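Throughout, a chain's letter reflects where its sequence line sits, starting with A, and its residues are numbered from 1. Since the structure is predicted, the reported quantities are computational estimates derived from the model, not experimental observations.
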Number of protein chains: 2
Amino acid sequence: MLKTSNPPTPVETIAKERVNCPFDLWRMKCAMHGGEQWVNLKTKFMQEIERDPTFRLDDIHDLSKDQFRERTMAKFANMVHYVTTERLDIFTKRMELIGIADPSFWTRFGVHYGLFLGAIRSGATSNQFSYWMEKGVLGLNGMVGCFGMTELAHGSNVAGLETTATFDAKADEFVIHTPTISATKWWIGGAAQTATHCSVFARLIIKGVDYGTKTFIVPLRDPRNFQLLPGVNIGDIGKKMGRDGIDNGYIQFTFVRIPRAYMLMKHTQVSRDGKVYEPPLAQLTYGALLQGRTAMVADGANVSKKALTIAVRYAAVRRQFKTADNEFETQLLDYPIHQRRLMPLLAQAIAMGFTALRMTAMFEKLSEELDSFDSSSDKEQTERVLETLKETHASSAGLKAFSTWQCLDTIDKCRQSLGGHGYSAYAGLASMYADQAVQCTWEGDNTILSLQSGRALISAYEDAQKGKKLASGVAYLNDPSLLTARCRSDSMCVDLGMMDAAWAAISANVVKKAADAYTAKLKTGANKDVAMEGCSHERFCAAKIHTMGYIYRQFVDALETLAVEEPSGSTTVTTLKAICQLYGAFQIEENAAYFLKYGFYTAKQMDIISEKINQLCAEVRTYAVSLVDSFHYTDHIINSPFGRYDGNVYTAYFNAVRAANPSPPVHPYFDRLIKPLLTRQPLEMEDAASIEVDEEIEEIQRERLEGGVEAEREDGSFPMTEAQRSETEGTAEWEKKK
Amino acid sequence: MLKTSNPPTPVETIAKERVNCPFDLWRMKCAMHGGEQWVNLKTKFMQEIERDPTFRLDDIHDLSKDQFRERTMAKFANMVHYVTTERLDIFTKRMELIGIADPSFWTRFGVHYGLFLGAIRSGATSNQFSYWMEKGVLGLNGMVGCFGMTELAHGSNVAGLETTATFDAKADEFVIHTPTISATKWWIGGAAQTATHCSVFARLIIKGVDYGTKTFIVPLRDPRNFQLLPGVNIGDIGKKMGRDGIDNGYIQFTFVRIPRAYMLMKHTQVSRDGKVYEPPLAQLTYGALLQGRTAMVADGANVSKKALTIAVRYAAVRRQFKTADNEFETQLLDYPIHQRRLMPLLAQAIAMGFTALRMTAMFEKLSEELDSFDSSSDKEQTERVLETLKETHASSAGLKAFSTWQCLDTIDKCRQSLGGHGYSAYAGLASMYADQAVQCTWEGDNTILSLQSGRALISAYEDAQKGKKLASGVAYLNDPSLLTARCRSDSMCVDLGMMDAAWAAISANVVKKAADAYTAKLKTGANKDVAMEGCSHERFCAAKIHTMGYIYRQFVDALETLAVEEPSGSTTVTTLKAICQLYGAFQIEENAAYFLKYGFYTAKQMDIISEKINQLCAEVRTYAVSLVDSFHYTDHIINSPFGRYDGNVYTAYFNAVRAANPSPPVHPYFDRLIKPLLTRQPLEMEDAASIEVDEEIEEIQRERLEGGVEAEREDGSFPMTEAQRSETEGTAEWEKKK
């Protein structure tokens, strides 16, 4: 029958979603962002970039790589103003937001300020530091840096790099050289079109002795005209999966000379006569890596929240299928399966957000300790700094890995939740995925980082066995009773405290399993390296479960802090408690095998947990739209018609598509390709059948071809055989019907 | 110390991998492809397209969308020759290969032959079919079709489409009309630049009565000049995540008239006087959908194999880190964790390949039955056809969903396994992912298909409870003793037969759980629709486990057939048995929670299974390079320097990058953007401090700004506040050091 009434419009539908929100939106925003001042700052940052024409976002999906790179470069000028005038923690927050709006710019700008300047800050003596500051490194006055670590055949393994820096004592210079193609500096962000200088990782060679990899500042281009300097060969490495606004390049050095003082000498020092002084504490040089990882945990949370804003708002307005009870098609958000797809991811992104806030605080504390540390520090201070560094390193390794993986997974699940429209570039999720993907690889490949985290856990386990009291993140290893802990109460199994106990118990078990596997390998006579490799699957599992439990605990701890700060009965706290419960229960279900295997929960309790997840999904669904509002992104940042605040998705999408794809006045290839196709006449070759073919010749040819079947070519291909010809002789069956 | 010897070159390294292959490569190829004739045909197809300049692949990553579309169109002419002259099963195999080389072309060509022509074949009366054949539909003579199903606001739900086809009895015509923006035909492949006709899904309206959605052939453009016909408005929907060689478009009809005979009337018929005759068996119209799904299962296997060829060959030649024992850096493939990353995926792709071969055979049998079926068929034949259709439908739904998901996951894991290089467009995995992603959405969204599969499983369970004997795919539901089956022997737990029993037992339990949940919802008074939605999580889990078990069983069955065909002691069979064991054990580990929960395996047995997976990974690693050789792709098809047969990856990659990115003679934006940045002078505004500001005015302004904090704007943004200004007052800490 013809429809008699129209469903509510998308705009009406989403407006209704915001009625009866059970929490105070402003308080929730403050909680999510770590305080009112950060919400206000974010508002300011968003307004600034929305008005900056170089941060135009609506057209980015149709820019060519070349256009995109140029647009990215145009943003430098404004941003230099902020980096030179803003307090570091504020500028860090600004960049955190910029990373969500334009990941390419975040990287390209970050190559100079995070990596190049970071290398100088952590590697230069104070005199060297002053020298580069005076040169203009902070304000990009006459120089832009890039970071020359990875080589074509060498990535994570810095110790395996091939580029050499050979000391020429006579000239008091280093000679930087790329000995082979595989030693070519590769993936160097900013090298192709931006940088005048490079912090080059190269093997220090003096009088034939290889002292391992050190860092050298090497000028690449004349800043006045951008001509390459003698011996420097740079190329563009071109198209990538994403982040095409960065001009990654390769660099080959052919006997390039730099003054001795251009080697960064805070740690290892080379004297005028070629003597080498090694640093007492090599680990301290890795402190700088942690800043990147911390930023990536925050970025993982923020990008997930952006993707979920799009998915949740669209799910609220999209209607599909009608059940017998309903007058109109059902909102996607009302389907239990759609709630199951999105609500746990929402809880996960929020858990990750709170973890990132705490991680940032941990990193800032570490930075202070490192800054106050120098060669005059006593043994106690040294040990304390090293212990903090160790814990931060191990925690950040696992967190970086699993938060970037979860973020990538969240983006693709959000994309799929949009159905076909998720595949449109204008939905924004495709480029978000492509941009995010590299986060799983750089600053430490996720799998390798997970194994490092697993190694640290085994080491902590061994310390605990020796009776050492461990840092808070792994304190559960001090309590052997956890190994046999059980949930004794069905009704309590999703209680926040019970789930905390569950994660501790299971973490203790998987770490013990990894440590036992390691010990067993050692007992077979394997050396430590081989034994560690031999238990890598167990290490990986330990890192995963430990990290999931760690994130859950960060969320619970954040709630406890919030409960103290907020007025009693705060709706922010009660709402977040439900979300924390959903997160904990969801991750327990995801990793159910461990909880069952070690007997913490029974099969029946696992069913209770799954049923509770269903209920919590339904509950969070009721305020899901307000919850994504509390992530506090403007439409400009979201940059997707499907994630619009006002819900007017179809009109906005239609207009966006039409604006980006105006009809061309003339079809680009109708005359050349389509017209000849539609009007062609078949070639007649039938009369050739009357020519008689010598049977004998055919037979010889057949034998030759059949004999060739097994003679595979170098590239794995085969010459054509007779069998193929006979297969193609049949007439297409459709032809018969003609 | 300086290195004293060089490691083997990549070419030497991979050559060594092929020595001592434990199986006969040719026999393995034949097994993987379902017989010698198919390997030969594939060889022929690969040679044909390698020599066809329109199938050039080395430059595709740098083509613009417009260039890519034109290139895609240029392939039509050659392919029309094959589609009109080759036997259907052979041409289907050709397209299967083409789909691996160029997924965009596969789709764009498939829109006409699979969807448009498919709609005519399944929907037209024999007279109508003859009419369109005479028009030239088979040979693209004067017409190219597109498929007008989805609308802007309507995807999976065909019954909810808004486009109308109103019968004008006086003129004996239908009037096709798009009533709203949300009814705009959207995502229509080929609409923007290719099609002259469209098979439009529209609501049949006669004398005010809505008869639901039917199919109508609507001319769009004049084939002589490609001008749009009156009332037809078409636009380009532009950039997508992938497959940019397809010109997806939107279509709006404004009272477009077509003759009555352009409605496809094999099923529903409309007479001259507007009487409607409905079909007795609507289900039969869905048979055509199955062809697409079957092809997608095969495609999932093939694409996975392509990605794994790249990942495995690269892992063989890439060296990274050195352990104390080794002279050279270790090959990635020798790391247990890398084996764990890739070997199970290899086994999974092979399992999927065998499943696809059997699925294709099942579909061909069904097609024969459907072809021999007509209105004269008796009740028995009707029931048999319906039963086959039901089983094929349910199996193919789950298989399509989980095989496309697994393929997508495999591609991204392969990409990550390449480290940084996986992010280069030239590695080929980024575009493979982007092209594959849509397979999870079209031809039935994976989540919805999984739920359909779950619904069918509940229905089968109910049939079994009533004592009905079920088809082979779900026969395990006939055996209630499976619910409590246990593995009683630790040493047998990874035996092929035991794992088969394990999957059956666990499948029986999860299906029962879903059915019980459904019944419980019904008992609360919910209607059937609501009850089905209420148990959708359980349905989803049932579909997943059933499908995983189904694939395992297909692999085991294929091995049994192969064991009969091959000579006794065949190395093909023994090798594939190990791979099958790895696949089964891996999926059991992945879904361990179910096996533990229902008690089929004990915790100790799960440890034995995990340990066995480690061993099998190490075993398969020894011949992994030969195994990917048996996937039988030429370097042209692989199109990735990292997946080269000869292993010469670094040189090939370097050359590919350099060829694709020649150095421009002039920097594109140095003068405009970089030079002004590097040479700029700061603006002086310090002297403004001497101007006295009226304190009172400042105070008023501050109050106004602070009052505005909570006044959130419509789009979720906020006006700037005073708090923000104070935050930015500090001087950057670096500045102090200046």
Side-chain angles (χ1 to χ4, degrees), chain A residues 1-2 40 43-44 61 70 73 77 87-88 138 142 155 157 182 187 210 223 226 236-241 320-321 323 336-337 340 419-420 423 425 430 438 529 536-537 592-593 596-597 603 634-635 645 650 657 660-661 667 669-670 673 677-678 715-718 720-721 723-724 730 733-734, chain B residues 1-2 37 40-41 43-44 61 70 73 77 87-88 142 155 157 182 187 210 223 226 236-239 241 320-321 323 336-337 340 419-420 423 425 430 438 529 536-537 592-593 596-597 603 634-635 645 650 657 660-661 667 669-670 673 677-678 715-718 720-721 723-724 730 733-734:
Chain A
M1 295 294 114
L2 286 175
N40 288 333
T43 306
K44 170 176 174 286
H61 303 297
E70 185 164 342
M73 189 71 223
R87 229 170 58 202
L88 182 60
L138 184 63
N157 182 16
S182 60
W187 278 116
D210 181 341
F226 244 48
D236 189 333
I237 69 166
K239 191 87 182 140
K240 301 186 294 289
M241 181 171 183
Q320 195 156 282
F321 294 106
T323 54
I337 198 73
R340 266 277 188 173
Y423 203 64
V438 73
D529 281 351
S536 52
H537 178 65
L596 287 162
K597 191 174 159 196
T634 54
D635 282 354
Y645 181 85
Y650 298 118
V657 163
N661 301 280
H667 191 294
Y669 48 79
F670 173 72
L673 295 175
L677 180 71
L678 297 184
D715 71 346
S717 70
F718 288 86
M720 183 166 59
T721 70
Q724 297 153 12
E733 60 180 29
W734 293 327
Chain B
M1 295 294 113
L2 286 175
Q37 72 276 29
N40 288 333
L41 263 179
T43 307
K44 170 175 175 286
H61 302 297
E70 185 164 340
M73 189 71 223
R87 227 169 61 200
L88 183 59
N157 183 16
S182 61
W187 279 114
D210 181 340
F226 244 48
D236 189 334
I237 68 166
K239 191 89 183 138
M241 181 171 184
Q320 195 157 282
F321 293 107
T323 54
I337 198 74
R340 266 278 188 172
Y423 203 63
V438 73
D529 282 350
S536 52
H537 178 64
L596 287 162
K597 192 174 158 196
T634 53
D635 283 354
Y645 181 85
Y650 298 118
V657 163
N661 299 280
H667 192 295
Y669 48 79
F670 173 72
L673 295 175
L677 180 71
L678 297 183
D715 71 347
S717 70
F718 288 86
M720 183 166 56
T721 70
Q724 297 153 12
E733 59 180 31
W734 294 326

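- Among the candidates M73(B), E70(B), H61(B), the residue making the largest number of heavy-atom pairs closer than 4.5 Å to chain A is E70(B).
- Heavy-atom distances place both the backbone and the side chain of I237(B) under 4.5 Å from chain A.
- Contact count versus chain B (heavy atoms, under 4.5 Å) is highest, among A425(A), A660(A), A430(A), for A425(A).
- Put simply, of G238(B), S182(B), G155(B), A592(B), the one with the most heavy-atom pairs under 4.5 Å next to chain A is G238(B).
- Residue contact with chain B, scored on non-hydrogen atoms closer than 4.5 Å, involves the backbone and the side chain of A77(A) alike.
- Residues P223(B) and L678(A) approach most closely at O-CD1, 3.9 Å, considering heavy atoms.
- The candidate from Q320(A), K597(A), K239(A) with the greatest count of non-hydrogen atom pairs under 4.5 Å with chain B is K239(A).
- Between F226(B) and H667(A), the ring planes are perpendicular. Angles over 60° get that label, and only those under 30° would be called parallel.
- Only the side chain of F670(A) comes within contact range of chain B, judged by heavy atoms closer than 4.5 Å.
- The most heavy-atom pairs under 4.5 Å with chain A, out of A603(B), G419(B), A593(B), come from A593(B).
- For L677(A), the parts sitting under 4.5 Å from any heavy atom of chain B are the backbone and the side chain alike.
- The side-chain hydrogen bond (donor to acceptor under 3.5 Å, both in side chains) search around H537(A) returns R340(B), not counting sequence neighbours.
- Listed here is the closest heavy atom pair of V657(B) and D236(A): CG1-O, 3.4 Å.
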